[in-house]
Engineer: 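A single structure is presented below for examination.
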Amino acid sequence: GCHEAKGYGGSVHARPQENGKGNAAAGCKQCHGTHDVLSPEDPRSVNHRLRADVGCGRCHAAVAAQYRDSAHGLALGREGTKSPGCLECHGSHAILPLDSPDAALYKPKEPAFCLKCHLEDDTVRTEVGFPAAFMAGYLDSVHGEALLAGNLDAAGCSDCHGAHDARTARDSASRVSRWNVADTCG
């Protein structure tokens, strides 16, 4: 291509389409367009952090719809919020499959990734409404210890809270609301 996008060659989007033949699953123009290319810093760009669900939603429509209704999606764009969009969790060019140990969201890495905001960022923790000790308690729980010991069957953040559909515990549709937690834990 014209521009080198660091990490794209090893990403899920550079792989051949599902049938294993033909072009990459998503090349430059699928994400960036052709003649209407805008910088990701431009708020009108479908690759701007506040609108990435639009760009990513071109191919991932169901996931984008889930995300828009999630706690992260609803908070994104509210003044002062640091809610993550697609790019903050998945990256832009070097998007690796979740089962890759090098992926940012590889299951054993997920707690540290989520707690980077939910535990270490006072603004986020205040908005979420749980004390630091509660958030940090996951790491010492049976689930946290098992996952950090390499048990990929142990419950990670997204197993209980959801990934693209994560909601606040006060939301009755949340997997961890008092109405649903028994079903979630199964």
Side-chain angles (χ1 to χ4, degrees), residues 1-118 120-121 123-124 127 152 156-159 161-168 171 173-175:
C2 300
H3 308 282
E4 290 300 317
K6 186 176 180 181
Y8 172 77
S11 78
V12 295
H13 290 135
R15 293 180 176 176
Q17 294 178 13
E18 286 188 23
N19 64 10
K21 299 177 182 171
N23 297 324
C28 302
K29 68 180 180 180
Q30 282 76 23
C31 297
H32 297 282
T34 50
H35 299 288
D36 57 345
V37 178
L38 298 171
S39 164
E41 303 302 316
D42 187 321
R44 297 171 298 158
S45 169
V46 295
N47 295 305
H48 185 272
R49 73 170 298 274
L50 298 179
R51 298 190 67 226
D53 62 306
V54 175
C56 299
R58 290 174 179 164
C59 295
H60 305 284
V63 169
Q66 277 186 330
Y67 171 79
R68 283 196 243 359
D69 289 336
S70 75
H72 291 140
L74 294 170
L76 188 67
R78 279 201 316 248
E79 192 168 335
T81 188
K82 297 180 179 181
S83 187
C86 305
L87 306 177
E88 284 78 19
C89 293
H90 296 285
S92 56
H93 294 112
I95 301 172
L96 299 175
L98 294 177
D99 62 357
S100 168
D102 294 327
L105 291 174
Y106 180 57
K107 193 169 182 178
K109 295 179 181 178
E110 187 183 55
F113 190 90
C114 296
L115 289 173
K116 181 174 52 184
C117 294
H118 285 271
E120 297 172 16
D121 188 306
T123 305
V124 173
E127 188 166 319
L152 297 180
C157 303
S158 62
D159 291 313
H161 295 276
H164 303 105
D165 59 340
R167 295 174 177 269
T168 66
D171 183 330
S174 170
R175 295 178 187 190

Engineer: Can you give me the closest heavy-atom contact between Gly73 and Ser70, atom names plus distance?
Structural biologist: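 Heavy-atom minimum between the residues: N-OG, 3.0 Å.
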Engineer: Please report the shortest heavy-atom distance between Asp99 and Tyr106, naming the atom on each side.
Structural biologist: O-CE1, 3.6 Å
Engineer: About how many Å separate NE2 of His72 and SG of Cys89, when rounded to the nearest 0.5 Å?
Structural biologist: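 Rounded to the nearest 0.5 Å, the SG-NE2 separation comes out at 6.5 Å.
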Engineer: For the SG atom of Cys28 and the OH atom of Tyr8, what is their distance to the nearest 0.5 Å?
Structural biologist: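 Here the rounded value is 6.5 Å.
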Engineer: Between atom OG of Ser45 and atom CZ of Arg51, what is the distance when rounded to the nearest 0.5 Å?
Structural biologist: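 It is 7.5 Å, given to the nearest 0.5 Å.
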Engineer: Please give me the minimum heavy-atom distance between Ser11 and His93, naming the atom from each residue.
Structural biologist: CB-O, 3.0 Å
Engineer: Drop me the distance from Leu50's CG to Leu87's CG, to the nearest 0.5 angstrom.
Structural biologist: 10.0 Å
Engineer: Starting at OH of Tyr67, measure out to CG of Asp165 and round the result to the nearest 0.5 Å.
Structural biologist: 12.5 Å
Engineer: With a 3.5 Å distance limit and no angle check, can you tell me whether Asn47 reaches the backbone of Cys31 through a side-chain donor-acceptor pair?
Structural biologist: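 Yes: the side chain of Asn47 pairs with the backbone of Cys31.
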Engineer: Mind checking whether His164 and His90 have ring centres under 6.0 Å apart?
Structural biologist: yes
Engineer: For residues Val12 and Leu96, report the shortest heavy-atom separation together with the two atoms involved.
Structural biologist: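 So the minimum-distance heavy-atom pair works out to CG1-C, 3.8 Å.
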Engineer: What are the two closest non-hydrogen atoms of Pro111 and Pro108, and how far apart are they?
Structural biologist: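 Nearest pair, atom of Pro111 first, then Pro108: CD-O, 3.7 Å.
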Engineer: Return the OG to CD distance between Ser158 and Glu110, rounded to the nearest 0.5 Å.
Structural biologist: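 One gets 3.5 Å once the value is rounded to the nearest 0.5 Å.
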Engineer: Tell me whether Arg167 contacts the main-chain N or O of Asp69 through its side chain, where contact means a donor paired with an acceptor under 3.5 Å.
Structural biologist: yes
Engineer: Of all heavy-atom pairs between Leu76 and Ser83, which one has the smallest distance, and what is that distance?
Structural biologist: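 Scanning both residues, the minimum pair turns out to be CD1-O, 3.1 Å.
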Engineer: After noting the C-alpha distance and the side-chain angles of Leu38 and His48, does the key distance pass the side chain to side chain contact (heavy atoms under 4.5 Å, CB included) rule?
Structural biologist: CA-CA 9 Å; Leu38 298 171; His48 185 272; over 6 Å; no
Engineer: Kindly say whether Leu98 contributes a backbone atom to a donor-acceptor pair with the side chain of Lys107 at under 3.5 angstrom?
Structural biologist: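 Judged by distance alone, no pair lies under 3.5 Å.
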Engineer: Main chain of Glu88, side chain of Arg49: is a donor-acceptor contact present, judged purely on distance under 3.5 Å?
Structural biologist: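 Such a contact is absent between Arg49 side chain and Glu88 backbone.
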